[in-house]
Amino acid sequence: MNILSINDLSKDDMLNIFEIADSIRDNKEQTSLKTNSILALFFEKPSTRTRTSFEAGISQLNGKSIYIDANTSQKSRGESFADISKMLSSYCDFIAARLYRHDDIIEMAENSSVPVINALTDLEHPTQALVDMYTINSHIKNFKDVKIAFLGDIATNTANSLMLAATKLGAKISLVGPKDYMPNSTYFNKAREHGFIYVYDDAKEGLADANIIYTDTFVSMGQEAEADKRRELFKDYQVNSKLLEYASPNALVMHCLPAHRGEEITAEVIDGPRSIVWEQAKNKLLLAKAILLFVSMQNE
Ligand code: CP
Ligand code: NVA
């Protein structure tokens, strides 16, 4: 199986991944992949956490990783994603790819003989959404009691994956962003089939009763040319102390990172008592291992 999108996972699949993560955390079971399993990481975009957590994760499962920077591979000279994927899958047991175009990861998956994991594309960040929902679940036992308010760029990859994962698991989600700035309609409509999702431009309304406040950068990778315009567009949706007053008194703050203090979030909030951002980031290692084990079990 591949994990290109949250659409590739059922609710039970996600809960199964969380159970695997719990067993790793609690050292309940011997957790190991086939010895010398190799994970190829083919990245067109930078990464701090996703790359490191998957590399550390596969090492801890007795496997190895090979990082391929697309810019120093033959991709930079026009080799196709299909050809790259055929080759990588003949050397390795898994491929994790971080690409610009989502269609390119689909092309990789179609040409791979091993599982392909989306480590972020312009459209989705499914492994992040799994980390996020797992982290939320460690604080709020029942997903039906969770109400997430996603602020700022509500059409970004992390929002797309999170809205699908949250609604599928039974959590509520509000997307809070500028008037006339719409979420991706395909993702929004799919999430609406699963459960509660609404869009607000009024932060006070959008944050009402929210117990999870989530934000991401206003300028995603690849959008650098529009940076000033986007900072201006989203500035009223900065997660700051004043805005937190609109949410539940115990609301927790999350951010997939990297953070830009003073833009989408203030230093006071991200480094303050309501923030669970570092726990969220730490869980990326646990979930990287759980995802690799889950995918390998599906392909046995
Ligand atoms: N959250 C996340 O994907 O971080 P990186 O870009 O550092 O991998
Ligand atoms: N939306 C961000 C997520 C970074 C992890 C980006 O694509 O740059």
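Note that ligands are numbered from 1 as they come in the structure, with each ligand's atoms numbered from 1 the same way.
Atom 3 (C) of ligand 2 has its closest protein heavy atom at Asp216 OD2, 3.6 Å. The nearest heavy-atom contact from the protein to atom 7 (O) of ligand 2 is Asn157 ND2, 2.9 Å. For atom 6 (C) of ligand 2, the closest non-hydrogen atom on the protein side is Ser220 OG, 3.3 Å. Among protein heavy atoms, the minimum distance from atom 8 (O) of ligand 2 is reached at Met221 N, 2.8 Å. Looking from atom 4 (C) of ligand 2 to the surrounding protein, the closest heavy atom is Leu120 CD1, 3.9 Å.
Within ligand 2, the atoms closer than 4.0 Å to a non-hydrogen atom of Leu257 are 5 (C), numbered from 1 in the order shown. For ligand 2, the atoms sitting less than 4.0 Å from at least one non-hydrogen atom of Thr156 are 1 (N), numbered in the order shown with element in parentheses.
Inspection of the Lys284 and Thr50 side chains reveals an N or O donor paired with an N or O acceptor under 3.5 Å. A side-chain donor-acceptor contact under 3.5 Å links Ser32 and Asn62.
Looking at Asn160, its side chain does come within 3.5 Å of a backbone N or O of Leu123 through a donor-acceptor pair. Of the possible donor and acceptor atoms, one in the side chain of Ser80 sits under 3.5 Å from a partner among the backbone N and O of Asp83.
Between Tyr67 and Phe42, the distance from one ring center to the other does not fall under 6.0 angstrom.
Taking each heavy atom of Met254 and Asp132 in turn, the nearest pair found is CE-O, 3.6 Å.
Listed by chain and number, residues touching ligand 1 at under 4.0 Å (heavy atoms only) are Ser47, Thr48, Arg49, Thr50, Arg98, His125, Gln128, Cys256, Leu257, Lys284.
Exactly one of Leu287, Leu285, Leu39 qualifies for a side-chain contact (heavy atoms from CB on, under 4.5 Å) with Phe54. That residue is Leu39.
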